Protein chains: 2
Amino acid sequence: MAKKKHELTEAEWAIVKAVWDNEPCAAPTVQEVLEKQKGWAYSTVKTMMDRMVSKGLLKTERIRNLILYRSDVTKKEAQKGEVMRAVKRAFDGALTPMMQFMLDSGELSKKQLGELESMIKNRKAKAKK
Amino acid sequence: MAKKKHELTEAEWAIVKAVWDNEPCAAPTVQEVLEKQKGWAYSTVKTMMDRMVSKGLLKTERIRNLILYRSDVTKKEAQKGEVMRAVKRAFDGALTPMMQFMLDSGELSKKQLGELESMIKNRKAKAKK
DNA sequence: TTGCAATCTCTACAAATGTAGAGTAGTCTC
DNA sequence: GAGACTACTCTACATTTGTAGAGATTGCAA
């Protein structure tokens with residue numbers, strides 16, 4: 001089975017995050033969360049969730065007439081899909097130039113840079129093995 | 001004037017890259033590039049390019065009946081738009097977790113890690129000032 | 001049993017995005 | 001001038017994504 005591509009739309013992100021935070025949960029639960037964040041109506045949310053089921057992003061379990069939703073894409077999978085899409089589009093698939101771009105953005109504090117440096121050292125040590 | 005948000009669609013990326021590589025250029029030039037890459041017909045490309053003009057991503061200059069296109073978004077602006085969209089969607093707007101995620105991806109060689117480490121040190125030194 | 005709340009289903013529409021063919025217009029060469 | 005070539009214009013359609021109201025169904029409490 002081919003590796004599934006997880007490239008979520010803006011609305012799908014909002015929904016899957018709400019599901020991650022509440023799963024297993026019913027559609028009205030997700031709708032309440034997104035009513036506050038986006039002002040979405042129940043039928044909006046339900047429609048999109050059912051589409052996400054069709055797309056393999058969510059899965060359902062029926063208990064009597066209640067439908068419980070669970071995510072079928074992990075947070076890491078979704079994040080990877082988003083990151084790799086950005087890398088592919090904006091940096092022709094090259095991870096390092098994108099990291100350099102982010103470092104050059106000037107939005108990282110000295111502390112954050114220090115943390116990243118430590119992480120890189122750890123990474124290098126492991127890569128040495 | 002508010003800062004424009006540059007979040008390009010998949011097709012827009014393909015087109016703007018071709019324009020960057022050839023500007024100023026006419027639509028048929030872009031189409032030839034994308035015919036090879038995507039199999040797109042002239043009218044497909046022209047339509048999308050004109051929509052991009054409406055969206056402020058490209059601009060035109062008419063010389064007799066020939067229309068020359070130029071990008072109205074720089075590579076850096078477009079890259080920033082893509083990166084920040086990914087950060088916002090997948091990491092709730094936090095740059096550092098995304099960089100950590102990328103470091104954890106295991107796709108960087110020891111050499112690349114070393115280069116990044118050097119860059120971070122430079123960045124830290126500058127941030128100290 | 002009835003009424004109400006909760007949830008689901010059905011259906012619809014709009015905008016954005018992707019895709020393209022047919023027709024028109026201008027220029028250049030013969 | 002005619003024809004060929006190049007580029008533009010006009011128009012259309014499909015899919016995807018976003019958005020939602022109205023109606024139907026089920027379960028529980030009174």
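Predicted model, so just to flag it, every value in this text is computed and none were measured. Sequence lines set the chain letters: A, B, ... in the order given, protein chains first and strands last, and positions in each chain run from 1. These values consider heavy atoms only, across backbone and side chains, with no hydrogens, waters or symmetry-generated copies.
One can place CD of B:E12 at 11 Å from C1' of C:dG18, the figure rounded to the nearest angstrom. The CD1-C1' distance, from B:I63 to C:dG26, rounds to 15 Å in whole Å. Across the protein-nucleic acid pair, A:E10 atom CD and C:dT17 atom P stand 12 Å apart, rounded to whole Å.
The CD atom of B:Q79 lies 11.0 Å from the CD atom of B:E77; values are rounded to the nearest 0.5 Å.
Here chain A contacts DNA chain D (any atom closer than 4.0 Å to a heavy atom, that is under 4.0 Å), and the contacts span D:dT17 to D:dG27 from 5' to 3'.
Between the side chain of B:R89 and the backbone N or O of B:F91, no donor-acceptor pair lies under 3.5 Å. Not one N or O on the side chain of A:S105 forms a donor-acceptor pair closer than 3.5 Å with the backbone of A:F101.
Of the charged side-chain nitrogens involved, none lies within less than 4.0 Å of a carboxylate oxygen, so that A:R70 and A:E23 do not count as a salt-bridged pair. Between B:E12 and B:K55 a salt bridge is recorded (basic side-chain N to carboxylate O distance below 4.0 Å). Ion pairing between A:K17 and A:D21 fails under the 4.0 Å rule for side-chain N and carboxylate O.
For the contact set between residues 40-54 of chain A and DNA chain D, defined by any heavy atom under 4.0 Å, the members are A:W40, A:A41, A:S43, A:T44, A:T47, A:M48, A:R51. Only at 4.0 angstrom or more do the heavy atoms of residues 26-38 of chain B sit from any atom of DNA chain C, so none qualifies.
For B:E35, the side-chain contact (heavy atoms from CB on, under 4.5 Å) test picks out B:Q31, with sequence neighbours left out. Residues meeting the side-chain contact (heavy atoms from CB on, under 4.5 Å) test with B:E7, sequence neighbours left out: B:K5, B:R85, B:K88. Applying the side-chain contact (heavy atoms from CB on, under 4.5 Å) test to B:N22 and every residue at least two apart in sequence or in another chain returns B:C25, B:T29, B:V33.
Paired with B:I15 under the rule side-chain contact (heavy atoms from CB on, under 4.5 Å), one option of B:M48, B:K38, B:R51 passes, and it is B:M48.
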